[in-house]
Asks: 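Right, I'll just put the structure down here and ask away after.
Naming convention: chains lettered A, B, ... in sequence-line order (proteins, then strands); numbering from 1 in each chain.
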There are 2 protein chains.
Amino acid sequence: MEQIYVDTAKMLKAISDPKRLRIVDMLSCGELCAFQLLEAFSVTQPTLSHDMKVLIEAGIVNDRREGKNTYYSLDNSVLAALQQALGGMFRPKPECICRKNGPDDS
Amino acid sequence: MEQIYVDTAKMLKAISDPKRLRIVDMLSCGELCAFQLLEAFSVTQPTLSHDMKVLIEAGIVNDRREGKNTYYSLDNSVLAALQQALGGMFRPKPECICRKNGPDDS
DNA sequence: CTCCAATATCGAAACATTCAAATAATTCAA
DNA sequence: TTGAATTATTTGAATGTTTCGATATTGGAG
């Protein structure tokens with residue numbers, strides 16, 4: 001399977017959850033620390049920590065340690081690339097994959 | 001949890017898989033029947049059928065029966081709405097969720 | 001160093017997803 | 001109606017995800 005599908009799917013999977021999508025929305029206007037995010041949700045601290053790790057490992061969120069706090073922020077270039085990749089897959093293309101591929105190599 | 005997150009997450013989950021993402025890409029230039037899709041993949045017919053059902057239930061793909069064949073096509077309005085919803089969550093907002101919400105209602 | 005606050009990791013239970021083999025259903029043609 | 005082609009559903013095993021309580025780690029205050 002082509003890498004673009006694998007990479008894009010990995011990012012999508014990270015945000016294909018209402019909680020994590022809301023976290024992304026909350027981070028869209030600036031960085032927040034774990035405690036601020038935790039206040040807004042009905043989940044335990046370990047659960048939030050796990051969700052942040054999923055977002056970080058997908059490359060969507062960056063973390064920054066400052067004293068006892070960890071601040072999270074969106075990686076806007078990654079999100080922009082994700083949107084562009086999706087746009088490319090959703091719209092018709094002159095060199096469409098459906099016209100040039102036989103059985104795949106997966 | 002607000003409905004926009006639930007709905008968006010459901011669609012994202014449907015395409016957060018390299019196979020299904022590739023299927024969407026293949027359908028982007030026009031409808032294809034199950035057999036045509038099957039030719040391009042190394043999966044069994046039941047697996048493809050299952051994946052198509054996931055896409056249909058998420059509202060991303062429409063199916064149309066014609067004789068013995070089922071033709072699948074993208075629902076472009078749903079995809080456009082998905083892209084718009086994502087754009088709204090990724091970019092900063094004047095009325096940001098992080099400034100008006102206390103503990104949630106989930 | 002010791003304690004506390006903030007965050008991360010571990011371990012386990014519950015639940016969901018994936019995928020293929022077997023089988024069923026649908027449609028057309030003869 | 002029978003048979004062949006195409007697609008859908010069921011079943012079950014393997015795997016992955018979610019979430020929590022318990023515990024560990026990290027950094028600053030005293």
Asks: May I have the distance from A:Tyr71 (atom OH) to C:dA6 (atom P), rounded to whole angstrom?
Replies: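 Distance check: A:Tyr71 OH to C:dA6 P gives 11 Å.
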Asks: Taking only residues two or more places apart in sequence, or in another chain, which ones meet A:Arg91 in a side-chain hydrogen bond (donor to acceptor under 3.5 Å, both in side chains)?
Replies: none
Asks: Round to a whole Å and report the spacing from CG of B:Leu48 to C1' of C:dA21.
Replies: 16 Å
Asks: Rounded to whole angstrom units, what separation is found between the CE atom of B:Met52 and the C1' atom of D:dT9?
Replies: 16 Å
Asks: A:Arg64: which residues meet the salt bridge (Lys or Arg N to Asp or Glu O under 4.0 Å) condition with it, sequence neighbours left out?
Replies: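 Applying salt bridge (Lys or Arg N to Asp or Glu O under 4.0 Å) to A:Arg64 gives A:Glu31, A:Glu66.
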Asks: So how far is it from A:Ser16 OG to B:Leu12 CG, rounded to the nearest 0.5 Å?
Replies: 6.5 Å
Asks: Indicate every side-chain donor-acceptor pair of residues 47-59 of chain B with a distance under 3.5 Å to a residue at least two apart or in another chain.
Replies:
residue : atom : partner : partner atom : Å
B:Thr47 : OG1  : B:Thr44 : OG1          : 3.1
B:Asp51 : OD1  : B:Arg20 : NH1          : 2.9
B:Asp51 : OD2  : B:Lys19 : NZ           : 3.1

Asks: When all nucleic acid strands are considered with a 4.0 Å heavy-atom cut-off, which category describes B:Ser49: base, sugar-phosphate, or nothing?
Replies: base
Asks: Mind calculating the distance between CZ (B:Phe35) and C1' (D:dA5) to the nearest angstrom?
Replies: 10 Å
Asks: Just to be sure I understand the rule, does A:Thr70 reach a base, reach only the sugar-phosphate, or reach nothing, if contact means heavy atoms closer than 4.0 Å?
Replies: sugar-phosphate
Asks: For the pair made of OH in A:Tyr72 and P in C:dA6, what is the distance, rounded to whole Å?
Replies: 14 Å
Asks: What is the distance from CG of A:Leu32 to C1' of C:dT7, rounded to the nearest Å?
Replies: 15 Å
Asks: Check this one for me: any side-chain N or O of A:Lys53 less than 4.0 Å away from OP1 or OP2 of C:dA8?
Replies: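 For C:dA8, OP1/OP2 do not have a side-chain N/O of A:Lys53 under 4.0 Å.
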Asks: What nitrogen or oxygen pairs link the protein and nucleotides 13-18 of chain C at under 3.5 Å?
Replies:
none

Asks: Nearest 0.5 Å, please: how far is CG in A:Leu27 from CG in A:Leu37?
Replies: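 Rounded to the nearest 0.5 Å, the CG-CG separation comes out at 5.5 Å.
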Asks: Would you verify whether the NZ or CZ of A:Arg22 falls within 45 degrees of the ring axis of A:Phe41 while also being under 6.0 Å from that six-membered ring's centre?
Replies: yes
Asks: Sequence neighbours left out, cut at 3.5 Å: what donor-acceptor pairs do the side chains of residues 72-90 of chain B make with other protein atoms?
Replies:
residue : atom : partner : partner atom : Å
B:Asp75 : OD1  : B:Ser77 : N            : 3.2
B:Asp75 : OD1  : B:Ser77 : OG           : 2.8
B:Asp75 : OD1  : B:Val78 : N            : 3.2

Asks: Compare side-chain N and O positions of B:Asn69 against OP1 and OP2 of D:dT7 and report whether any pair is under 4.0 Å apart.
Replies: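 Yes, within the criterion.
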Asks: Between the side chains of A:Asp25 and B:Lys93, is the shortest nitrogen-to-carboxylate-oxygen separation below 4.0 Å, so that they form an ion pair?
Replies: yes
Asks: With rounding to the nearest 0.5 angstrom, report the CG to SG distance, B:Asp63 to B:Cys33.
Replies: 12.5 Å
Asks: Measuring to OP1 and OP2 of D:dT18, would you say a side-chain N or O of A:Thr47 lies under 4.0 angstrom away?
Replies: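 Negative; the distance criterion is not met.
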Asks: Protein within reach of the bases, or only the backbone? For nucleotides 23-30 of chain D, mark each nucleotide 5' to 3' as B, S or -, using heavy atoms under 4.0 Å.
Replies: ----BS--
Asks: Once you round it to whole Å, what is the distance between C1' of C:dT7 and CD of A:Gln36?
Replies: 14 Å
Asks: Provide, to the nearest angstrom, the distance between the CZ atom belonging to B:Arg64 and the P atom belonging to D:dT6.
Replies: 16 Å
